[in-house]
There are 2 protein chains.
Amino acid sequence: MNLKELAAHLGLSQTTVSRALNGYPEVSEATRTRVREAAERLEYRPNAAARRLATGRTGTVAIIFPSERSLLLDPHFLDFLAGVAEKLADDDVELTLRATRRNDELETYRRLVRNRRVDGFIVSSPLIEDERVRLLSDLDVPFVLHGRTDTQAPYAYLDIDNEGAFRRATELLVDLGHRRIGLLNGKRELNFARDREAGYLAALAAHGIAPDPGLIVNAAMTEEIGYRNASALLARPQRPTALLAASVLLAFGAYRAARDLGLVIGKDVSVIAHDDGLPFLKAETLDPPLATTVSPIRAGGYRLAELLLARINGNPPEDLREVAPVDLVFRASIGRMLT
Amino acid sequence: MNLKELAAHLGLSQTTVSRALNGYPEVSEATRTRVREAAERLEYRPNAAARRLATGRTGTVAIIFPSERSLLLDPHFLDFLAGVAEKLADDDVELTLRATRRNDELETYRRLVRNRRVDGFIVSSPLIEDERVRLLSDLDVPFVLHGRTDTQAPYAYLDIDNEGAFRRATELLVDLGHRRIGLLNGKRELNFARDREAGYLAALAAHGIAPDPGLIVNAAMTEEIGYRNASALLARPQRPTALLAASVLLAFGAYRAARDLGLVIGKDVSVIAHDDGLPFLKAETLDPPLATTVSPIRAGGYRLAELLLARINGNPPEDLREVAPVDLVFRASIGRMLT
DNA sequence: TTGTAAGCGTTATCAG
DNA sequence: CTGATAACGCTTACAA
C-alpha cells in the first residue's frame with residue numbers, strides 16, 4: 001500500500017493525501033479525517049527511502065564511537081545509549097551506531113555529513129579541547145554534546161553539574177573532619193574530570209586546605225584501576241582518610257583496596273563516589289552502602305535526544321543548553337574523621 | 001557530485017557509470033578504470049536514499065533491544081555491539097539500534113519489516129523458546145541468532161560451546177577432588193543457561209556424582225546477585241567447595257561473599273567462571289586471578305555480522321551456523337580439594 | 001481547497 | 001559493450 005494506491009482508493013490526488021497526512025494547514029478537516037482513517041485502516045506506511053530522497057532529510061541520527069577508545073566501552077555508555085534509543089524510538093527516528101577506528105573519527109563524521117546520511121549527531125564524552133565540536137560546527141550540522149568543552153563554538157549541550165557535585169561531596173567530607181582527601185578521577189583530557197577536580201579544589205580552598213597533588217589521580221574508570229590507585233594512595237605514609245571517586249566502579253576497586261589493607265570503610269577510610277545509576281552495579285547494595293552524588297545517565301540520554309530533535313527542527317543551540325543538578329546521598333561508607 | 005554530473009563529466013551515460021561502479025561484468029575494463037578513477041578523484045558518493053528507493057535494499061541492519069529487559073543492559077551487550085558495529089562499518093552497512101517496550105517487541109520487528117526499513121536483524125540472548133525466531137522465519141527476513149534455541153526454524157546462528165565449556169570446567173573441578181559444586185547460572189529461560197547447566201550435569205553424571213538441585217541457582221548476572229546467591233550457597237551446612245559462575249561479574253560477587261565468610265578463594269572455596277572478555281573487568285587481575293572458560297564476545301559480534309551479511313546476500317541459513325570453541329584458563333582461584 | 005507535474009539520484013529493462 | 005528511458009514512492013512548486 002503506497003501513496004498512489006491510497007490516493008486512488010480515496011479518489012484524491014497523491015498531493016492531497018500527502019498533505020493531509022503530513023498536517024499541512026490547507027487541507028479541509030473533512031478530507032483530512034477521511035484520509036487519516038483510510039490510511040489507518042489500510043495500514044499505509046510511507047516509504048522512508050522515498051521520503052528521504054524527496055526531502056533530503058533522513059530521519060536518522062548517529063552516534064559515532066571509536067571502537068578502540070576504551071572510554072566508550074564502559075558500561076555507562078550503554079545505559080546512556082538506552083536512554084537515547086528510547087526517546088528516538090518514541091519519535092520513530094532512527095538511531096545509527098557507527099564504529100570507527102581511532103584516526104578516522106573526524107573523517108567518519110565528515111563522510112556521514114557529506115553523504116547526507118544523517119540529520120544530526122550525538123557526541124559523547126567531550127574532551128576539554130574537542131575537535132569534533134569544531135568540525136561539526138564548521139560543517140553546520142545539528143549535534144548535541146553530552147557534556148561541555150572549552151572549544152569555542154555555539155553548540156547545544158546537556159551536562160550535569162560535575163563541579164557542584166564534587167564541591168558538595170568534598171565539603172561534606174571536610175565537614176566530617178577529613179583533611180587528606182584522595183581524588184580518583186577520570187582521564188585528564190575529559191572535560192567532566194576537569195570539572196570534578198575544579199569542584200574538589202574549590203571546596204578545599206573554601207576551607208583553607210592546601211591541595212596535595214599527590215592525592216589526585218587521573219585514569220580510566222575501571223574496577224582494577226580503582227583498586228590499584230586506591231591501594232597506592234592508602235599506602236602513603238600520611239594516608240588519606242577519605243576517597244572521592246568519579247564512578248561506582250572505581251569506588252568498588254577502592255573498597256577492595258581498603259579491605260586488603262585491613263581498613264574498615266566508613267571508619268578508617270571514607271569513600272564517596274559519583275553514581276550514574278547503572279542497573280547492574282548499585283551503590284546502595286555494596287557493603288557498606290556507598291555514599292554517592294547521583295544523576296542517572298540513562299535519563300540524561302533521553303533528554304539529550306529531545307534536545308537533538310529540537311536542534312534538528314531548527315531551534316538555535318543557545319536555547320538548547322541544560323545543566324542537570326546532582327543529588328547527594330549519604331550512606332554508611334562515609335563517617336566522621338576519628339581523632 | 002552525483003551520478004548525472006559524473007556521467008556528463010566523463011561523456012558517458014549514467015547507466016554505464018553505474019554499471020562500472022557496481023562491478024557489472026559487461027563493462028569494458030578500460031572504461032571501468034576510467035570511471036573508477038574519476039569517481040575517486042571527484043569524490044563521488046552514491047546517494048544512499050536514491051539507491052534504497054531504486055533497489056529496495058536498505059543497506060541497514062537492526063538490533064532491537066527491549067529497554068526494560070535488564071538482560072540486554074548488561075555490559076556484555078555493549079561489547080557485543082562494538083564487535084557488530086566494527087564489521088558493519090567495514091562494509092559501510094548501517095547499524096540501527098531500536099529500543100522497544102516489552103510488549104511491543106514483536107510488533108517492532110513486524111513494523112520494521114513491513115516498512116522495508118532494514119535488510120536484516122541481529123537477534124541476541126535467545127530464549128529456549130523464542131517467538132522472535134518464529135516470527136522472523138515466518139516473515140522470511142534475513143536474521144542471525146546470537147546463540148541457539150529450541151524453536152523450530154531454519155535459522156542461521158553463531159553460538160559458543162556453552163555445554164562443552166561448562167562440562168570441561170566442571171570436570172576440572174571434579175578432577176581436583178570437588179564433589180559439591182555450586183552453579184551460579186543465568187536466568188532459566190535463556191538458552192545458554194540451559195546449555196551450561198547441561199554441561200555441568202553431564203560432567204557430574206560422567207563421574208557418578210548425584211546432582212544437588214539446591215546447588216543450582218538461576219538469576220540475573222550482576223555482582224550483587226552473585227554476592228547474594230554465593231552467600232546463601234556458602235552458608236549451607238554442607239557448603240559447596242567450589243562455585244561455577246556464568247559470568248565474571250557473578251564471580252566477582254562470589255569473591256565478596258567468600259571474603260565475608262572468611263573463606264580463602266582457591267583454598268577453602270574454588271571459583272571458576274565464564275569470561276566474555278570484557279575490557280573493564282578482567283578475570284586475570286582479580287585477587288586471586290580468576291580461572292575461566294573464555295570466548296571473547298566482541299569477536300563473536302564481529303563474526304555474527306559477517307554471517308548476517310552473507311545471509312542477506314542470499315546464503316541459506318543452513319550454511320551459516322557456527323559454534324565457537326571455548327578456552328579454559330587455569331588460574332589461582334581454583335585449587336585441589338583439601339581432605 | 002485540490003490537482004498536475006516536476007523533481008530527488010539511483011538502478012533495471014530493453015534496445016542497439 | 002553502451003545508451004535511452006522508465007521505474008522506485010514520495011514531496012513540493014505552480015496552477016486551477
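- Take A:Arg34 and apply the salt bridge (charged side-chain N to carboxylate O under 4.0 Å, His left out) test, not counting sequence neighbours, and it matches no residue.
- B:Asn2 has its CG atom 14 Å from the P atom of C:dG7, to the nearest Å.
- Taking the salt bridge (charged side-chain N to carboxylate O under 4.0 Å, His left out) definition, one finds that A:Glu318 meets it with nothing, sequence neighbours left out.
- One interatomic measurement links the two molecules: OH of A:Tyr24 to C1' of C:dT2, which rounds to 15 Å at whole-angstrom precision.
- Taking every heavy atom of residues 25-35 of chain A and every atom of DNA chain C, pairs under 4.0 Å involve A:Glu26, A:Val27, A:Ser28, A:Thr31, by number.
- Here the CD1-CG distance, from A:Ile297 to A:Asp276, works out to 4.5 Å after rounding to the nearest 0.5 Å.
- Under the salt bridge (charged side-chain N to carboxylate O under 4.0 Å, His left out) criterion, B:Arg117 pairs with A:Asp92, A:Glu94, sequence neighbours left out.
- Between the CG atom of B:Leu12 and the P atom of D:dC1 there is a distance of 14 Å, rounded to whole Å.
- A:Glu105 pairs with exactly one of A:Arg132, A:Arg110, A:Arg98 by the salt bridge (Lys or Arg N to Asp or Glu O under 4.0 Å) rule, that one being A:Arg132.
- If you check residues 36-45 of chain A against DNA chain D, the residues with a heavy atom closer than 4.0 Å are A:Tyr44, A:Arg45, listed by number.
- Using a 4.5 Å cut-off on side-chain heavy atoms (C-beta onward), B:Asp138 and B:Arg134 make contact.
- Set against C:dT11, C:dT2, D:dG9, the side chain of B:Leu53 has D:dG9 as its closest nucleotide.
- Considering only residues two or more places apart in sequence or on other chains, A:Tyr157 meets the ring-ring contact (aromatic ring centres under 6.0 Å, His included) condition with A:Tyr155.
- Between the CZ atom of A:Arg57 and the P atom of D:dC10 there is a distance of 18 Å, rounded to whole Å.
- Sorted by first and then second residue, the pairs that involve residues 95-150 of chain A and meet ring-ring contact (aromatic ring centres under 6.0 Å, His included), not counting sequence neighbours, are A:Phe80-A:His146, A:Tyr109-A:Phe121.
- Judged by distance alone, with hydrogens and angles left aside, the side-chain atoms of A:Thr108 form a donor-acceptor pair with the main-chain N or O of A:Asp104 at under 3.5 Å.
- One can place CG of A:Leu3 at 7 Å from C1' of D:dC10, the figure rounded to the nearest angstrom.
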Side-chain donor-acceptor contacts of residues 59-66 of chain B below 3.5 Å, not counting sequence neighbours, with atom names and distances?
from	atom 1	to	atom 2	distance (Å)
B:Thr60	OG1	B:Arg52	NH2	3.4
B:Thr60	OG1	B:Thr58	O	3.2

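- To the nearest 0.5 Å, atoms OG (B:Ser125) and CG (B:Leu145) are separated by 9.5 Å.
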Show the distances under 3.5 angstrom between N or O atoms of the protein and N or O atoms of nucleotides 13-16 of chain C.
none

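- Between B:Ser13 and D:dA4, a side-chain N or O to OP1/OP2 separation shorter than 4.0 Å is absent.
- What separates CG of A:Asn47 from C1' of D:dA7 is a distance of 13 Å, to the nearest Å.
- Pairs passing the ring-ring contact (aromatic ring centres under 6.0 Å, His included) check and including a residue from residues 9-43 of chain A, sequence neighbours excluded, do not occur.
- In this structure, CZ of A:Arg51 is placed 21 Å from P of C:dT10, rounded to the nearest angstrom.
- At least one donor-acceptor pair closer than 3.5 Å links the side chain of B:Ser137 to the backbone N or O of B:Val133.
- Considering only residues two or more places apart in sequence or on other chains, A:Asp150 meets the side-chain contact (heavy atoms from CB on, under 4.5 Å) condition with A:Ile128, A:Glu129, A:Asn191, A:Arg194.
- When the C1' atoms of four end pairs are superposed on the next four at each end of the helix from C:dT1-D:dA16 to C:dG16-D:dC1, using five pairs per end, the two resulting axes differ in direction by 40°, to 10°.
- D:dA7 atom C1' lies 13 Å from atom CD of B:Gln14, rounded to whole Å.
- One finds no side-chain N or O of B:Ser18 lying less than 4.0 angstrom from the OP1 or OP2 phosphate oxygen of C:dT10.
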